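Notes for the one structure printed next.
We count residues from 1, following the sequence as given. The structure presented is a predicted model; accordingly, all values stated were derived computationally and were not measured.
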Amino acid sequence: SDLFGFSFDNDYNLINYHYFDDRVQVVRVNEKGKKLTKILSTSFPDANVLIQSASSDQTRYVIRVSSPTDPGTFYLLDLDANKIEMLTYNYQKIDISKLSEMNPISYFARDGLEIKGYLSIPVGSNGESLPTVIMPHDGPIARDVWGFNYRVQFLITRGYAVLQMNFRGSTGYGRAFWEASFQQWGLTMQDDVTDGVQWLIKQGIADSSRIAIYGGSYGGYCTLAGVTFTPDLYACAIDYVGVSNLVTFIETIPPYWEIYLQMLHEMVGDPTNSADSARMQATSRVFQ
């Protein structure tokens with residue numbers, strides 16, 4: 001797994017670092033940090049716990065505790081008094097009894113690459129033949145993580161199962177997994193999504209006649225590619241600010257993105273290269 005964050009005390013000593021597996025993992029490296037870990041892991045064993053702020057002497061902390069079924073609750077932790085006090089919480093009008101767990105899953109793409117993700121199903125459901133929304137994330141240099149997602153929970157409370165997959169190119173799985181996505185928009189990256197849908201159907205979870213795909217930005221591109229190249233797989237699609245033309249996407253990069261242009265040529269393609277341009281047109285919704 002890739003490291004994604006570090007925390008330091010007021011003297012710039014390393015306190016902890018973070019990484020993802022199925023959930024956020026926090027490793028605290030000094031004695032005070034280890035004491036903190038023990039208290040927090042004992043008090044909140046099934047949640048993401050993040051320190052929001054700390055006193056200058058590192059004895060009092062404001063912490064945020066969240067999970068798929070907890071939109072975020074804030075506490076004051078006093079180490080010297082060994083006391084935790086609840087302060088407030090997010091989304092106070094939500095009925096948390098209707099929220100669903102986010103279950104880590106994995107399946108193998110058609111070329112043998114293991115793809116991990118998360119499956120959420122409605123509370124009280126038997127998990128069989130459900131109307132399902134496939135939700136590829138944006139980026140694509142990003143990933144879905146375990147925790148509260150208001151879009152997912154909105155759909156779940158309306159009776160839909162939701163599948164989120166960290167297709168090749170997602171962060172947190174190492175450099176080789178990221179590089180496997182280079183110039184694969186609409187190709188093996190899309191296969192990872194399609195193969196996840198097929199896996200869900202074979203498991204008996206999704207009703208094959210009632211599957212939607214929904215995403216924004218890269219997820220929107222993935223949505224458009226899904227209904228273009230595998231139209232029989234989806235009953236409907238919701239595209240939010242998705243890329244429909246890879247050629248103009250690269251040609252119209254704004255000035256403040258110029259520093260990323262060489263990387264985008266390597267990852268997506270260079271329209272001035274004839275082979276790249278042909279591939280980019282073949283995998284763009286607007287040309288189909």
request  = Return yes if some donor-acceptor pair links the side-chain N/O of Ser100 with the main-chain N/O of Val123 below 3.5 Å, else return no.
outcome  = yes

query = Taking Asp192 as the fixed residue, which of Lys116, Arg168, Arg110 is the one that meets the salt bridge (Lys or Arg N to Asp or Glu O under 4.0 Å) rule?
reply = Arg168

query = Are side-chain heavy atoms of Leu264 and Ile250 found at a separation under 4.5 Å?
reply = yes

remark   = With Phe148 as partner, the option from Ile94, Thr69, Asn48, Asn90 fulfilling side chain to side chain contact (heavy atoms under 4.5 Å, CB included) is Ile94

query = Do the non-hydrogen side-chain atoms of Thr132 and Asp207 ever get within less than 4.5 Å of each other?
reply = no

ask   = Within a strict 4.5 Å, meaning less than it, do heavy atoms of the Ile63 and Leu40 side chains meet?
value = yes

Spacing of Arg151 atom CZ and Gln164 atom CD [to the nearest 0.5 Å] = 10.5 Å

query = Is there a donor-acceptor contact under 3.5 Å from the side chain of Arg210 to the main chain of Ser129?
reply = yes

query = Are the aromatic ring centres of Trp185 and Tyr218 under 6.0 angstrom apart?
reply = yes

ask   = Under 3.5 Å, is there a donor-acceptor pair between the side chain of Ser217 and the main chain of Gly219?
value = no

task = Could you give me the CA-CA distance, side-chain angles and deciding distance for Ile39 and Leu77, then say whether side-chain contact (heavy atoms from CB on, under 4.5 Å) is met?
result = CA-CA 9 Å; Ile39 293 171; Leu77 167 63; 4.1 Å; yes

message = Is there a path of hydrophobic side-chain contacts, each under 4.5 Å between heavy atoms of I/L/V/M/F/W/Y residues, joining Phe167 to Leu246?
response = yes

ask   = Can you find a pair of side-chain heavy atoms, one from Asn149 and one from Gln153, that are under 4.5 Å apart?
value = no

ask   = When rounded to the nearest 0.5 angstrom, what distance separates CG in Asp80 from CZ in Arg60?
value = 9.5 Å

inquiry  = Other residues, nucleotides and ligands only: do more than 12 of their heavy atoms fall within 6.0 Å of OH on Tyr240?
reply    = no

inquiry  = For the backbone of Gln184 and the side chain of Thr188, can you confirm whether one donor and one acceptor N or O come within less than 3.5 Å of each other?
reply    = no

query = Which atoms form the tightest heavy-atom contact between Arg279 and Leu187, and what is the distance?
reply = CD-CD1, 3.8 Å

remark   = To the nearest 0.5 Å, atom CD of Glu251 lies from atom CG of Asp270 at 9.5 Å

request  = Taking atom types as modelled, find out whether Thr228 and Arg285 have a side-chain donor-acceptor pair closer than 3.5 angstrom.
outcome  = yes

ask   = Distance from Met267 atom CE to Gln262 atom CD, nearest 0.5 Å?
value = 13.0 Å

ask   = So, for Phe177 and Glu114, which heavy atoms are closest and what is the spacing to 0.1 Å?
value = CE1-O, 3.7 Å

inquiry  = Check whether Ser277 reaches the backbone of Asn273 with its side chain - one donor and one acceptor, N or O, closer than 3.5 Å.
reply    = no

Contact check, side chains of Ile84 and Leu76, non-hydrogen atoms, under 4.5 Å = no

ask   = Is a side-chain N or O of Gln288 found less than 3.5 angstrom from the main chain of Gln281, in a donor-acceptor match?
value = yes

request  = Scan side-chain atoms only and decide if Asp70 and Ser67 contain a donor-acceptor pair under the 3.5 Å cut-off.
outcome  = no

ask   = Do Asn166 and Tyr173 get their side chains close enough for a donor-acceptor pair, meaning under 3.5 Å?
value = yes

task = I would like to know whether Tyr61 and Tyr75 meet ring-ring contact (aromatic ring centres under 6.0 Å, His included); could you show each step before the answer?
result = CA-CA 8 Å; Tyr61 301 85; Tyr75 297 85; over 10 Å; no

task = Check whether any side-chain heavy atom of Thr73 lies under 4.5 Å from a side-chain heavy atom of Met86, and answer yes or no.
result = yes

key: Closest contact, heavy atoms only, Arg143 versus Ser170   = CB-CB, 4.2 Å

query = If you measure from CD on Glu128 to CG on Asn126, what distance do you get to the nearest 0.5 Å?
reply = 4.5 Å

query = With hydrophobic residues grouped by side-chain heavy-atom distances under 4.5 Å, do Ile211 and Val193 end up in a single group?
reply = yes

ask   = Taking the six-membered ring for Trp, are the ring centroids of Tyr221 and Phe249 within less than 6.0 Å of each other?
value = no

inquiry  = Quick check on the hydrophobic clustering: are Tyr118 and Trp199 connected, directly or via other members, by side-chain heavy-atom contacts under 4.5 Å?
reply    = no

inquiry  = Grouping I, L, V, M, F, W and Y whenever their side-chain heavy atoms are under 4.5 Å apart, do Phe229 and Val197 come out in a common cluster?
reply    = no

key: Gly226 backbone acceptor or donor facing Thr230 side chain under 3.5 Å   = yes

note = On a heavy-atom basis, the closest approach of Ile213 and Pro136 is CG1-CD, 4.0 Å

request  = Determine, stepwise, if the pair Ile238 / Thr223 fulfils side-chain contact (heavy atoms from CB on, under 4.5 Å).
outcome  = CA-CA 7 Å; Ile238 307 95; Thr223 294; 5.7 Å; no

task = Please report the closest heavy-atom contact between Ser209 and Ala235, naming both atoms and the distance.
result = O-CB, 3.8 Å

message = Are the side chains of Gln58 and Leu79 in contact, using a 4.5 Å heavy-atom criterion?
response = no

inquiry  = Is it the case that the side chain of Thr171 and the backbone of Ile141 share a donor-acceptor pair, with hydrogens and angles ignored and the cut-off at 3.5 Å?
reply    = no

note = Looking only at heavy atoms, the pair that brings Ile121 and Gly127 closest together is CD1-CA, 4.0 Å

key: Main-chain N/O of Cys222 paired with Gln190 side-chain donor or acceptor, under 3.5 Å   = yes

ask   = So how far is it from Asn103 CG to Leu163 CG, rounded to the nearest 0.5 Å?
value = 11.0 Å

inquiry  = If hydrophobic clusters are built from ILVMFWY residues whose side chains come within less than 4.5 Å, do Trp146 and Val152 share one?
reply    = no

query = Is there side-chain contact between Pro71 and Ile96, with at least one heavy-atom pair below 4.5 Å?
reply = yes

message = With a 3.5 Å distance limit and no angle check, can you tell me whether Gln92 reaches the backbone of Tyr89 through a side-chain donor-acceptor pair?
response = yes

ask   = For Val162 and Leu119, what are the C-alpha separation, side-chain angles and deciding distance, and is it a side-chain contact (heavy atoms from CB on, under 4.5 Å)?
value = CA-CA 6 Å; Val162 179; Leu119 173 65; over 6 Å; no

